[in-house]
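A quick note: this is a predicted structure, and the numbers were derived from the prediction, not measured. When a residue number appears, it is its place in the shown sequence, counting from 1. Just so you know, these numbers use all the heavy atoms, side chains as well, and skip hydrogens, waters and symmetry mates.
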Amino acid sequence: KDALLPAMHRSGIKNIGVFKPIEDLNEELDYLLVLTPFRSLEQFEKLPALLQKDQEYLEAGKAYIDAAHDAAPYARIESMLMRSFSATPKMALPELSTPRSERVYELRSYEAATEKLYELKVEMFNEGESALFQELAFNPVFFAEVLSSAHMPHLVYMTTHADTTAQRKNWDAFGIHPEWERMKNLERYQHTVSSITKHLLYPTEYSDY
């Protein structure tokens, strides 16, 4: 809130999402999820050097940066490098009017058994699945291929909902939509997902989302 986000804003990076798990709707894990959009790999690569030169950041983040080895502020950091799908190249701010504490930001990861099956699932999104989420007012933030992570191969996407009731209604509508029925029964797209992981999140008060 006080160090990293202001520094990234000063470096030209906008619309950074910061999320926490919704209590009772996730596994009992304590984590903070930060979603950072970069225009290019070059911008991604240059950020650490920019932060090291930002005196406001170094001062505001001193307690975190200089934490002792036996009093670390976190257990571990896990990072994913992602690239937007060709059909949805830009991230979008959701249009929600409910209080942030009531919103549901749903982050889903679809793993595939092989690279070929993964590529077919990405194709399925580009050829109509992502458009269906937009049609049904899921307020998607992004759809992305994961270029590097501990769970390859897989894709990740985030949808948003006014509250838990809206989230359930949206998925009910998706499940019975004729276009989804058509796509999911195509022989080409059978067995493209071997595992699904989802996180139900809410945006912090200082998140740009």
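- Following chains of ILVMFWY side-chain contacts shorter than 4.5 Å, one cannot reach Leu147 starting from Leu155, and the two form parts of different hydrophobic clusters.
- Ion pair Lys14/Asp208 not flagged as a salt bridge, since none of the NZ, NE, NH1 or NH2 atoms sits closer than 4.0 Å to an Asp/Glu carboxylate oxygen.
- In summary, Glu179 and Arg182 engage in a salt bridge, as defined by a charged side-chain N under 4.0 Å from a carboxylate O.
- One distance of note links OG1 of Thr165 with CG of Asn170; it measures 10.5 Å at 0.5 Å rounding.
- Note: His161 and Phe138 have perpendicular aromatic rings, judged against thresholds of 30 and 60 degrees for the angle between ring planes.
- Sparse packing is recorded around CD of Glu42, with 12 or fewer heavy atoms of other residues, nucleotides or ligands lying under 6.0 Å away.
- Contact check for Glu127 versus Met124: no side-chain heavy atoms found under the 4.5 Å cut-off.
- When only modelled atom types and interatomic distance are considered, His9 and Ser11 share no side-chain donor-acceptor pair under 3.5 Å.
- Note: Thr164 OG1 to Arg168 CZ = 4.5 Å, rounded to the nearest 0.5 Å.
- Between Leu96 atom CG and Tyr105 atom OH the span is 5.5 Å, to the nearest 0.5 Å.
- Between the side chain of Ser130 and the backbone N or O of Phe125 there is at least one donor-acceptor pair closer than 3.5 Å.
- Within 6.0 Å of CZ on Arg100 lie more than 12 heavy atoms contributed by other residues, nucleotides or ligands.
- Leu4 is listed as a side-chain neighbour of Leu51, based on a closest heavy-atom distance under 4.5 Å.
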Report task. Decide yes or no on salt bridge (charged side-chain N to carboxylate O under 4.0 Å, His left out) for Glu106 and Arg108, but give the supporting numbers first. Result -> CA-CA 6 Å; Glu106 185 168 3; Arg108 285 194 169 215; 2.8 Å; yes
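- Between the side chain of Asp163 and the backbone N or O of Glu102, no donor-acceptor pair lies under 3.5 Å.
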Query raised in the report: Leu107 and Lys198: side-chain contact (heavy atoms from CB on, under 4.5 Å), yes or no, with the steps?
Result: CA-CA 6 Å; Leu107 184 73; Lys198 70 176 181 179; over 6 Å; no
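- Scanning both residues, Ala92 and Pro140, for their nearest heavy atoms gives CB-O, 3.8 Å.
- We find the OG-NE2 distance between Ser194 and His154 to be 11.0 Å, quoted to the nearest 0.5 Å.
- Residues Leu58 and Gln52 share a closest heavy-atom pair of CD1-O, 3.4 Å.
- Checking side-chain atoms of Thr98 against main-chain N and O of Arg103 turns up no donor-acceptor pair under 3.5 Å.
- The two residues Phe19 and Pro203 come nearest to each other via the heavy atoms CD2-CA, 3.7 Å.
- The side-chain heavy atoms of Val104 and Leu201, taken from C-beta on, include no pair separated by under 4.5 Å.
- Looking at every heavy atom in both residues, Met80 comes nearest to Ser149 through CG-CB, 3.6 Å.
- Ring centroids of Phe133 and Phe174 are separated by less than 6.0 Å, placing the two rings close together.
- With a 4.5 Å cut-off on side-chain heavy atoms, Leu5 and Lys1 do not count as touching.
- Glu123 places no side-chain N or O within 3.5 Å of a backbone atom of Tyr189 that could act as its donor or acceptor partner.
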Query - Worked check of side-chain hydrogen bond (donor to acceptor under 3.5 Å, both in side chains) between His199 and Tyr31 - result: CA-CA 11 Å; His199 297 270; Tyr31 61 88; 2.9 Å; yes
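- Taking 4.5 Å as the limit, some side-chain heavy atom of Pro37 sits within range of a side-chain heavy atom of Ile16.
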Query raised in the report: Between Tyr157 and Phe85, does a ring pair (Phe, Tyr, Trp, His ring centres under 6.0 Å) hold up when you go through it step by step?
Result: CA-CA 10 Å; Tyr157 67 98; Phe85 286 174; 8.3 Å; no
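- Atom CD in Glu145 sits 11.5 Å away from atom CG in Leu81 (nearest 0.5 Å).
- In this structure, the side chains of Ser84 and Lys90 stay at 4.5 Å or more apart for every pair of heavy atoms.
- For the pairing with Gln43, the side-chain contact (heavy atoms from CB on, under 4.5 Å) check across Ile13, Thr36, Leu50 returns one residue only, Ile13.
- Clustering ILVMFWY residues whenever any of their side-chain heavy atoms sit less than 4.5 angstrom apart, transitively, puts Ile176 in a cluster other than the one holding Leu136.
- Screening Leu33, Asp30, Leu32 for a side-chain contact (heavy atoms from CB on, under 4.5 Å) involving Lys20 leaves a single residue, Leu32.
- A donor-acceptor pair shorter than 3.5 Å cannot be found between the side chains of His151 and Ser109.
- The closest side-chain donor-acceptor pair between Trp180 and Glu129, if any, does not fall under 3.5 angstrom.
- Heavy-atom contacts from other residues, nucleotides or ligands closer than 6.0 Å to CZ of Phe44 number 12 or fewer.
- Surrounding CD of Glu205 are more than 12 heavy atoms belonging to other residues, nucleotides or ligands, all under 6.0 Å away.
- The CZ atom of Phe38 sits 10.5 Å away from atom CE of Met91, with the distance rounded to the nearest 0.5 Å.
- Linking ILVMFWY side-chain heavy atoms closer than 4.5 Å, directly or via other members, places Met82 and Val122 in two distinct hydrophobic clusters.
- Contact annotation: the side chain of Pro94 approaches that of Tyr209 to within less than 4.5 Å [non-hydrogen atoms, C-beta and beyond].
- Met152 and Ile196 fall into different hydrophobic clusters, where Ile, Leu, Val, Met, Phe, Trp and Tyr side chains are chained together by heavy-atom contacts under 4.5 Å.
- Remark: the backbone N or O of Val18 is paired with a side-chain donor or acceptor of Ser207 at under 3.5 angstrom.
- One side chain, Glu135 or His177, offers a donor N or O that lies under 3.5 Å from an acceptor on the other.
- Under the 4.5 Å side-chain heavy-atom criterion for Ile, Leu, Val, Met, Phe, Trp and Tyr, Val193 and Leu132 are members of the same hydrophobic cluster.
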